[in-house]
Novice: 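My questions will all concern the structure given below.
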Amino acid sequence: MDVLGSGHEQVVFCSDPGSGLRAVIAIHSTALGPALGGTRFYPYPSEDAAVADALALSRAMSYKNSLAGLDLGGGKAVVIGDPHTDKTEALLRAYGRFVESLGGRYLTACDVGTYNADLDVVARETRFAHGRSLAYGGCGDSSVLTAHGVFQGMRAAAQHRWGKPSLAGRTVGVAGVGKVGSWLVDRLVEDGADVVVTDVDAGAVERVLARHPAVDSVADTAALVRTPTDVYAPCALGGALDDETVAVLEAEIVCGGANNQLAHAGIADELLRRGVLYAPDYLVNAGGVIQVEDERHGFSFERAEARANGIFDVALRVFRAADEAGVSPAVAADRLAEERIASVGRLATIRLPS
């Protein structure tokens with residue numbers, strides 16, 4: 001793996017034998033500000049797999065933060081291990097010391113396998129841990145506004161495709177009803193959508209069905225993508241949109257909370273060819289990072305929610321730019337994010353003292 005050729009500013013390998021910590025912190029860009037991105041705790045099959053995920057996720061964070069209009073760069077950390085058995089106070093505190101050693105170039109938060117309570121522990125060793133519990137002055141569960149942002153992106157996609165910013169009467173398939181997916185189901189039901197769900201965790205599905213008896217479920221993702229739906233919402237891990245999935249996908253719109261949904265770059269073009277409107281993942285799932293960023297200013301949920309509402313307008317802008325240029329929304333979103341990074345990067349260079 002060509003780490004030095006990946007375009008990242010810094011990649012840090014973290015090892016603490018005493019606690020068992022094995023982690024990678026990837027800083028993709030600090031052109032817009034310190035690199036903000038969550039900590040993923042996951043049993044990667046190899047170190048190479050962990051590094052590859054950190055590189056991909058941190059790059060996506062640069063684009064996400066840029067498109068969201070935040071003065072933040074992109075970073076990500078991955079901890080190699082099973083969060084159910086390997087996560088300890090000693091490990092989290094050792095990780096916090098590595099974050100602190102970067103002096104604020106990287107700001108960490110929650111991701112898959114980590115929660116507010118974990119960040120409370122990390123914060124005992126570093127000033128640069130965000131997404132903490134409300135009791136400790138943090139922003140609480142960022143999945144709330146992540147789901148809200150996905151819902152706003154979905155409304156924008158509905159407006160662009162069907163001329164009305166509502167999912168009422170539409171069928172939405174949600175793959176993954178964990179932290180983000182379950183909140184998204186709540187919003188969709190409130191809006192009058194018919195919802196079909198699936199998850200590898202049967203308990204997660206049962207909790208959603210208990211809360212919303214009218215919601216349907218199917219056995220697995222393979223069944224869900226073959227189910228006639230208007231919108232498909234991947235809300236689990238990355239790579240959800242591969243060649244096999246896209247070939248059988250029934251939906252007209254894809255809009256979900258998962259990161260790095262496209263298995264490879266050609267998937268975006270294939271969705272365009274098939275007439276499926278793709279809402280870029282890092283655009284619509286930016287509500288969480290908006291919520292976490294607001295913690296830096298003394299958290300106000302109302303202020304963060306108001307900013308997350310702007311995902312609707314940005315998504316419409318991306319869809320229109322894609323149509324005008326004859327490209328996929330994924331390409332249009334990348335271009336808009338890159339333009340802001342390049343513009344602010346040039347300004348920062350000009351402002352440096354001589």
Novice: Side chains of Gln159 and Leu316: does their closest heavy-atom pair fall under 4.5 Å?
Specialist: yes
Novice: Should Val24 and Val12 count as side-chain neighbours, where that means a heavy-atom distance under 4.5 Å?
Specialist: no
Novice: If you look only at pairs with a residue in residues 50-66, which of them pass as a side chain to side chain donor-acceptor pair (under 3.5 Å), with sequence neighbours excluded?
Specialist: His8-Ser58, His28-Ser62, Tyr44-Asp53, Arg59-Tyr63, Tyr63-Glu338, Lys64-Asn259, Lys64-Asn285
Novice: For atom CZ of Phe301, is the number of surrounding heavy atoms from other residues, nucleotides or ligands below 6.0 Å larger than 12?
Specialist: yes
Novice: With a sphere of 6.0 Å drawn around CZ of Phe299, does it hold more than 12 non-hydrogen atoms of other residues, nucleotides or ligands?
Specialist: yes
Novice: Which pairs pass ring-ring contact (aromatic ring centres under 6.0 Å, His included) with one or both residues in residues 81-100, sequence neighbours excluded?
Specialist: none
Novice: Output yes when Arg187 and Glu190 qualify as a salt bridge under the 4.0 Å nitrogen-oxygen rule, no when they do not.
Specialist: yes
Novice: Would you compute the distance between atom CG of Asp269 and atom OG of Ser328 and round it to the nearest 0.5 angstrom?
Specialist: 5.5 Å
Novice: Can you tell if the side chain of Leu209 reaches within under 4.5 Å of the side chain of Ser217, non-hydrogen atoms only?
Specialist: yes
Novice: Can you run down the salt bridge (Lys or Arg N to Asp or Glu O under 4.0 Å) pairs that involve residues 3-22, sequence neighbours left out, and say none if there aren't any?
Specialist: Glu9-Arg105
Novice: Are Leu92 and Glu125 packed together at the side-chain level, in the sense that at least one heavy-atom pair is separated by less than 4.5 angstrom?
Specialist: no
Novice: Salt bridge or not for Glu89 and Arg93, using N-O below 4.0 Å?
Specialist: yes
Novice: Using side-chain heavy atoms (C-beta onward) and a distance below 4.5 Å, is Leu188 in contact with Val174?
Specialist: yes
Novice: Any cation-pi pair here, Lys179 with Tyr115, using under 6.0 Å and within 45°?
Specialist: yes
Novice: So do the side chains of Asn116 and Cys110 get within less than 4.5 Å of each other, counting heavy atoms only?
Specialist: yes
Novice: Are Arg132 and Glu295 within salt-bridge range, i.e. N to O under 4.0 Å?
Specialist: yes
Novice: Under 4.0 Å between a side-chain nitrogen and a carboxylate oxygen: does that hold for Asp186 and Arg211?
Specialist: yes
Novice: Hey, could you give me the OG1/CG distance between Thr229 and Leu249, rounded to the nearest 0.5 Å?
Specialist: 6.5 Å
